[in-house]
Number of protein chains: 2
Amino acid sequence: MTHAAHIRALINRLSRLDASETWGDDLNPAQISALEYLLRANRFSRAPSHVAEYLGTTRGTMSQTLKALMRKGYVSETRSDADRRSIRYDLTVAGQAVAGRTAALVEAIETLPFERQAELSEALSTVLTSRLAARGGRAFGLCCGCAYHRRTEDSAFCALLSLPLSLEEGDQICHEQVAA
Amino acid sequence: MTHAAHIRALINRLSRLDASETWGDDLNPAQISALEYLLRANRFSRAPSHVAEYLGTTRGTMSQTLKALMRKGYVSETRSDADRRSIRYDLTVAGQAVAGRTAALVEAIETLPFERQAELSEALSTVLTSRLAARGGRAFGLCCGCAYHRRTEDSAFCALLSLPLSLEEGDQICHEQVAA
DNA sequence: CACGCTTGGTGTCGAGTCGATACTAATATT
DNA sequence: AATATTAGTATCGACTCGACACCAAGCGTG
């Protein structure tokens, strides 16, 4: 067993463990993952197709997942005025509460020395980036790390969509993000 | 977003990506995971309850998964003579072929410097161990790392079950394993 | 401007996961 | 011998997931 194969097994096992722990409500892993993505995504990146691409599933599946979350009152639907086809899903207060919880896995990771955490984050990011590039997937990076992000003293601006941004939006995930 | 929360997100995303890639046959992620476990587990650790505990699911679910793999010809059932309740699932040739494939994720991990791979493996192992301990789960370590493993020049022996072992079995996963 | 192509979202189908629960049979305990 | 525990299974309901078909909205080119 090589290091790499072992690492893959660890990743899958940890993910499985995390999924089975994050339970407790009437939500399953896929639904939790969707809520967590919505918590961190900016307003341009909350359509079913974006969540689907981020999580590596299809639009059909994600559509169903979001409808289920809708029925349970964790998200709300908003049709776009600019493009009448697209829908944006926002977290409700209940949804924010669930998505914002600290997972047991996070606490376990925090027991590692800070230095180790940084290495871990770095290494996993590298692997993910290379895999995403191989599949032709988008990076889904942070708004502030985008080539089109413009920042002044007390305001921000997206040069791609030609829209003003709030300062907090800089720290959110954007599906349009192009690494600077 | 803390380092730890980011790492958790990376782990889940990588696992999801891996699952969606390891497809192609008539097998889903849970079935693949079961096959991969069976490939690496020794003959005392291939019962539905062991696979279920390893993967963090229930006996009922795993029973169904293994039956599905049975129907598709990837595993074979063997009732134990010692304990007529228990069943052992072994990989067929087709099962070994699928479980032994190299995943794209493994190739991506292998592009990291060897030093980085070792760190990554080490860090993830630490986290997993601490999580397993917290849940009261077993370690599922390797046979050769067990307190009951006895090794001589050209043979091996399990002092817990009082049974002779083949040399290859030392590198397999054992559900009884107690870290030395 | 009208034609077609593409895109975004949804509905449906079938196989299967998953937890919960309830059950059987075999083994342990007392 | 009676009881408790353990291993595996069947069944139920909610849901995932890929595949596919469908519709409506936006786009692109002649």
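The sequence lines fix the lettering, A, B, ..., with proteins before strands; numbering per chain opens at 1. What you are looking at is a predicted structure, and each value in this text was computed from that prediction instead of being measured.
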Could you check how far CD1 of A:Ile32 sits from P of C:dT17, rounded to whole Å?
-> 21 Å
Spacing of B:Arg79 atom CZ relative to D:dA7 atom P, expressed in whole Å = 13 Å
Please check the phosphate of C:dC18 (OP1 and OP2 only) for any side-chain N or O of B:Thr61 closer than 4.0 Å.
-> no
What string of B, S and - do you get for nucleotides 22-30 of chain C 5' to 3' if you count protein non-hydrogen atoms under 4.0 Å?
-> ----BS---
Round to the nearest Å and state the distance from A:Met62 atom CE to D:dA19 atom P.
-> 16 Å
Heavy atoms under 4.0 Å, any strand shown: does B:Ala30 hit a base, just sugar-phosphate, or nothing?
-> sugar-phosphate
Phosphate-side-chain proximity, A:Lys72 and D:dC15, N/O vs OP1/OP2 below 4.0 Å | yes
Hey, does B:Ala47 reach any base, or is it just sugar-phosphate, or nothing, if we go heavy atoms under 4.0 Å?
-> sugar-phosphate
Rounded to whole angstroms, how far apart are CG on A:Leu66 and P on D:dC15?
-> 13 Å
How close or far is atom C1' of C:dG8 from atom CD of A:Glu77, stated in whole angstroms?
-> 13 Å
Given D:dT6, is OP1 or OP2 found less than 4.0 Å from the side-chain N or O atoms of B:Ser49?
-> no
Between A:Thr65 and D:dT16, does any side-chain N or O lie under 4.0 Å from OP1 or OP2?
-> yes
Counting just side-chain N and O atoms, does B:Asn28 come under 4.0 Å of either OP1 or OP2 of C:dT17?
-> yes
Give the minimum heavy-atom separation between B:Arg131 and A:Leu105, together with the two atoms involved.
-> CD-CA, 3.9 Å
Expressed in angstrom and rounded to an integer, what is the separation of B:Asp26 atom CG from D:dA19 atom P?
-> 13 Å
Would you kindly give the CZ-to-P distance between A:Arg46 and C:dG9, to the nearest whole Å?
-> 14 Å
Classify the ring geometry between A:Tyr54 and A:Tyr37 as parallel (under 30°), tilted (30 to 60°) or perpendicular (over 60°).
-> tilted
In whole angstrom, give the distance that lies between atom CD of A:Gln31 and atom P of C:dT17.
-> 18 Å
Side chains of A:Ser45 and A:Asn42: is there a donor and an acceptor less than 3.5 Å apart?
-> yes
Phosphate OP1/OP2 of D:dA7 contacted by B:Ser86 side-chain N/O (<4.0 Å) = no
To the side chain of B:Tyr89, which of D:dT9, C:dT17, C:dT10 is closest?
-> D:dT9
Do the side-chain N or O atoms of B:Gln64 get closer than 4.0 angstrom to the phosphate oxygens (OP1, OP2) of D:dT9?
-> no
Set of salt bridge (Lys or Arg N to Asp or Glu O under 4.0 Å) partners for B:Arg116, sequence neighbours left out | B:Glu119
Decide yes or no for B:Thr126 and B:Glu122: does some side-chain heavy atom of the first lie under 4.5 Å from some side-chain heavy atom of the second?
-> yes
With a cut-off of 3.5 Å and sequence neighbours excluded, list every side-chain donor-acceptor pair involving residues 59-69 of chain A.
| unit_1 | atom_1 | unit_2 | atom_2 | d |
| --- | --- | --- | --- | --- |
| A:Thr61 | OG1 | A:Thr58 | OG1 | 3.1 |
| A:Thr65 | OG1 | A:Thr61 | O | 3.2 |
| A:Lys67 | NZ | A:Glu77 | OE2 | 2.5 |

Give a yes or no on whether the backbone of A:Asp18 and the side-chain of A:Glu21 come within a donor-acceptor separation of less than 3.5 Å.
-> no
Between B:Thr58 and C:dG19, does any side-chain N or O lie under 4.0 Å from OP1 or OP2?
-> yes
Backbone N/O of B:Arg46 and side chain of B:Arg88: donor-acceptor pair under 3.5 Å = no
Phosphate OP1/OP2 of D:dC15 contacted by A:Arg71 side-chain N/O (<4.0 Å) = yes
